[in-house]
Protein chains: 2
Amino acid sequence: MVSLKDVARKAKVAVSTASLALNNKSRVSPATRRRVAEAARALDYYPHSIARSLKNRRTQTVGFLMGGFGGPVYAEMVQSVHDTLAKHGLDMIVCFAPAFGRLTHGRMLDGAVVLDAPTPNRLLEQVAARDMPMVVMDREFRCPNLRSVLLDNQGGSRAMVAHLLARGLRDLAYVGGPKDSYDSRRRRDGFFAALSEAGLEPTAEVVTDFTEQGGRDAVRGLLAGGARPRALFCANDETAVGALQALAESGLAVPDDVAVTGFDDIELARYTTPRLTTVRVPRVAWGAAAAEALVESLAGRTTPARRTIGVELVLRESSGAPAGEGR
Amino acid sequence: MVSLKDVARKAKVAVSTASLALNNKSRVSPATRRRVAEAARALDYYPHSIARSLKNRRTQTVGFLMGGFGGPVYAEMVQSVHDTLAKHGLDMIVCFAPAFGRLTHGRMLDGAVVLDAPTPNRLLEQVAARDMPMVVMDREFRCPNLRSVLLDNQGGSRAMVAHLLARGLRDLAYVGGPKDSYDSRRRRDGFFAALSEAGLEPTAEVVTDFTEQGGRDAVRGLLAGGARPRALFCANDETAVGALQALAESGLAVPDDVAVTGFDDIELARYTTPRLTTVRVPRVAWGAAAAEALVESLAGRTTPARRTIGVELVLRESSGAPAGEGR
DNA sequence: CTGTTAGCGCCTTCAC
DNA sequence: GTGAAGGCGCTAACAG
């Protein structure tokens with residue numbers, strides 16, 4: 001391990017001078033600067049990030065707290081967060097709940113992006129109180145050092161309901177997600193609000209866990225119970241995929257007997273039979289916006305405490321939209 | 001920011017004593033230990049990881065170098081690597097090529113797992129030479145501080161070829177991936193070896209970029225050129241999905257006119273029409289094995305320089321396997 | 001058992 | 001323009 005001291009010795013200057021020279025800081029004579037640079041190169045010197053961080057009180061690293069990359073929704077978004085941070089010279093460390101406290105409290109991180117519903121507000125408040133800027137993507141939260149970058153889930157649900165109603169469908173069933181998820185709750189809010197504004201009530205409501213399996217089971221149960229909605233509004237695509245399977249088993253035609261819609265626009269949505277009408281969540285833009293917000297906070301600039309990312313309806317055959325649309 | 005010094009002062013002991021007490025190190029009298037613990041709690045003290053790392057010369061963090069989480073193959077594997085490392089008290093920092101040198105040279109990392117074909121061997125050698133243990137998942141490499149954990153790509157290809165031949169298919173075309181990918185090259189090796197051992201030659205060979213789009217274009221080209229293979233051996237699933245689309249466009253039936261096989265067993269493979277026969281890559285086991293190998297290296301234990309992870313044939317309808325198999 | 005001392009590698013006043 | 005000294009927060013000898 002070659003340190004600045006070694007470089008200084010080789011260049012026959014004091015460590016401080018070597019430091020200044022390498023960091024282009026104060027005025028150092030061109031001659032010494034060159035000697036130092038040369039010595040550094042000769043020794044293959046590389047600054048020790050940890051030592052530097054200790055001194056600067058900045059690690060150039062931000063954490064991304066999430067529940068797991070498992071789902072098809074996250075990958076692109078995480079990538080986007082990473083890339084955006086990288087553009088600003090920041091590294092990203094992926095962390096799950098167990099490590100989060102240690103990482104933040106230990107000041108291993110300069111800041112964090114959070115997308116993990118189970119994490120309690122209290123923990124976020126604690127971390128924020130220790131003066132660590134954060135951006136949350138899965139809840140509204142008013143607190144110093146904390147900003148929210150959220151999806152317009154309600155808007156998406158409303159648009160979807162409007163689409164279904166416009167197609168003349170009236171008996172809509174809601175196949176929902178976990179109540180501990182912000183996105184899930186807001187999607188539900190939008191659905192119910194839109195429906196009641198139209199003077200309607202849902203035919204049925206079931207709750208699932210946002211998985212394909214969960215969707216299949218829920219819809220099987222629904223059908224077994226004798227319900228015959230004209231449309232299933234599923235709160236995410238994976239659930240909708242399960243719903244399609246359950247309907248196929250029962251010999252019900254989609255969309256002629258029952259229309260099905262999802263939410264997220266995962267890749268799979270273009271491959272189901274029929275292809276799935278859904279709400280596109282702009283994952284790249286979402287992640288980038290979150291990262292940018294954090295960068296601003298780190299720079300000490302003031303930014304809106306809350307930002308909303310728009311979503312977009314994607315019409316395909318599962319809701320009876322004309323074939324060929326929605327690629 | 002409350003430091004050990006504050007705790008020591010509050011507990012009326014020396015910093016070193018406080019350190020010992022909190023880390024349960026040397027024998028400290030129960031009374032002092034308690035006083036220190038209490039002071040720490042009262043002050044809401046948390047050790048500063050960076051300072052600790054500087055001293056210990058260990059960051060408890062390992063890097064995962066990859067090309068991007070984009071693809072459907074990576075998510076599960078990365079997750080598995082992460083979880084395995086977490087079990088050993090290590091954090092994982094995801095890094096892409098541009099940041100890798102800085103992170104390793106700056107000793108921000110204790111070690112690294114590498115899965116990124118474009119990264120030159122030379123860089124890995126440099127890093128290894130700086131005494132950083134690494135595990136590579138995408139190349140064979142003999143070098144101190146470096147071990148390989150690889151997929152049995154050849155075995156998978158051979159098994160697949162055997163399956164196709166057993167179904168009586170003879171005119172096989174190879175739809176390959178990028179030549180700079182280790183997995184891609186090995187899959188090709190296995191295919192050609194198995195075929196030539198059977199005394200056969202491929203009908204055609206095309207190269208793609210492992211994407212769906214690439215597969216579609218390649219197969220379109222193949223068909224436009226007048227080729228009429230009885231089976232398309234695609235070197236990954238995404239390519240195979242593209243191939244299925246191209247065949248559908250041409251009105252060719254799968255598997256009756258042309259059989260199609262993939263490699264990886266991504267989720268999508270169960271949803272194509274017909275469902276895709278492929279080689280299952282055990283992503284969780286693969287990631288875990290890589291992580292374990294790194295942990296062993298970090299602990300200074302000697303481990304085999306190379307380990308191979310087995311793969312498994314998954315028969316579905318696209319190769320004419322009886323429906324109902326392969327879930 | 002506890003305190004004193006000496007760094008880890010770097011950066012940054014502050015004199016010269 | 002350059003060097004000496006101090007300290008970031010923590011740990012590990014070594015004394016007492």
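In this text, all values refer to a predicted model and were calculated from it rather than measured experimentally. Lettering follows sequence order; numbering is per chain, from 1. All values below come from the heavy atoms of this structure, side chains included, with hydrogens, waters and symmetry mates left out.
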Evaluate the criterion salt bridge (charged side-chain N to carboxylate O under 4.0 Å, His left out) for residue pair A:Asp91 and B:Arg102; output intermediate values, then yes/no.
CA-CA 10 Å; A:Asp91 297 313; B:Arg102 188 163 48 80; 2.9 Å; yes
Show your reasoning for whether side-chain hydrogen bond (donor to acceptor under 3.5 Å, both in side chains) applies to B:Ser16 and B:Ser19.
CA-CA 5 Å; B:Ser16 59; B:Ser19 172; over 6 Å; no
Test B:Arg33 against B:Asn24 for side-chain hydrogen bond (donor to acceptor under 3.5 Å, both in side chains), laying out the working first.
CA-CA 8 Å; B:Arg33 183 181 304 268; B:Asn24 297 322; 2.7 Å; yes
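Spacing between atom CD1 of B:Ile50 and atom C1' of C:dC10 amounts to 13 Å, rounded to whole angstrom units. Following rounding to the nearest Å, A:His48 (NE2) and C:dC11 (P) show an atom-to-atom distance of 12 Å. Between A:Arg9 atom CZ and C:dG9 atom P there is a gap of 12 Å when expressed in whole angstrom units. What separates NZ of A:Lys5 from P of C:dG7 is a distance of 8 Å, to the nearest Å. Look at CG on A:Leu4: it is 18 Å from P on C:dG7, rounded to the nearest Å. In this entry the distance linking CG of A:Leu22 with P of C:dT12 reads 13 Å, nearest Å. Rounded to an integer number of Å, the gap from B:Arg57 CZ to C:dG7 C1' is 11 Å. When the P atom of C:dC10 is taken as reference, atom CG of A:Leu20 falls 14 Å away, rounded to whole Å.
Closest to the side chain of A:Met1, from the set C:dG3, C:dG9, C:dT12, is C:dG9.
Contact check on A:Arg130 versus B:Asp44 returns a salt bridge, with a Lys/Arg side-chain nitrogen under 4.0 Å from an Asp/Glu carboxylate oxygen. The existence of a salt bridge linking A:Asp183 and A:Arg186 is excluded, since no basic side-chain nitrogen approaches an acidic carboxylate oxygen closer than 4.0 Å.
Using a 4.0 Å heavy-atom criterion, one finds that B:Ser16 contacts the bases of the nucleic acid, with or without backbone contacts as well. Residue contacts shown for B:Ser29 are limited to sugar-phosphate atoms, with no base heavy atom under 4.0 Å away. Among the heavy atoms of the strands lying under 4.0 Å from B:Ser3 are primed sugar atoms or P, OP1, OP2 only; no base atom is included. Using a 4.0 Å heavy-atom distance criterion, A:Thr32 is classed as a sugar-phosphate-only contact.
Comparing B:Val15 and B:Lys55 by the nucleotide of DNA chain C whose heavy atom lies nearest to each, the residue mapping closer to the 5' end is B:Val15. Residues B:Lys25 and B:Leu54 each lie close to DNA chain D; by heavy-atom proximity, the contact nearer the 5' end of the strand is made by B:Leu54.
Proximity of A:Tyr45 to the phosphate of C:dC10: a side-chain N or O atom is located under 4.0 Å from OP1 or OP2. At C:dC11, one or more side-chain N or O atoms of A:Asn23 fall inside 4.0 Å of OP1 or OP2 (strictly under the cut-off).
What you find for B:Met108 and A:Ile50 is that their closest heavy atoms are SD-CD1, 3.6 Å. Among all heavy-atom pairs drawn from B:Val15 and B:Leu4, the shortest one is O-CD2, 3.9 Å.
If you walk DNA chain D from 5' to 3' and mark each nucleotide with an atom closer than 4.0 Å to a heavy atom of chain A, the marks span D:dG1 to D:dG9.
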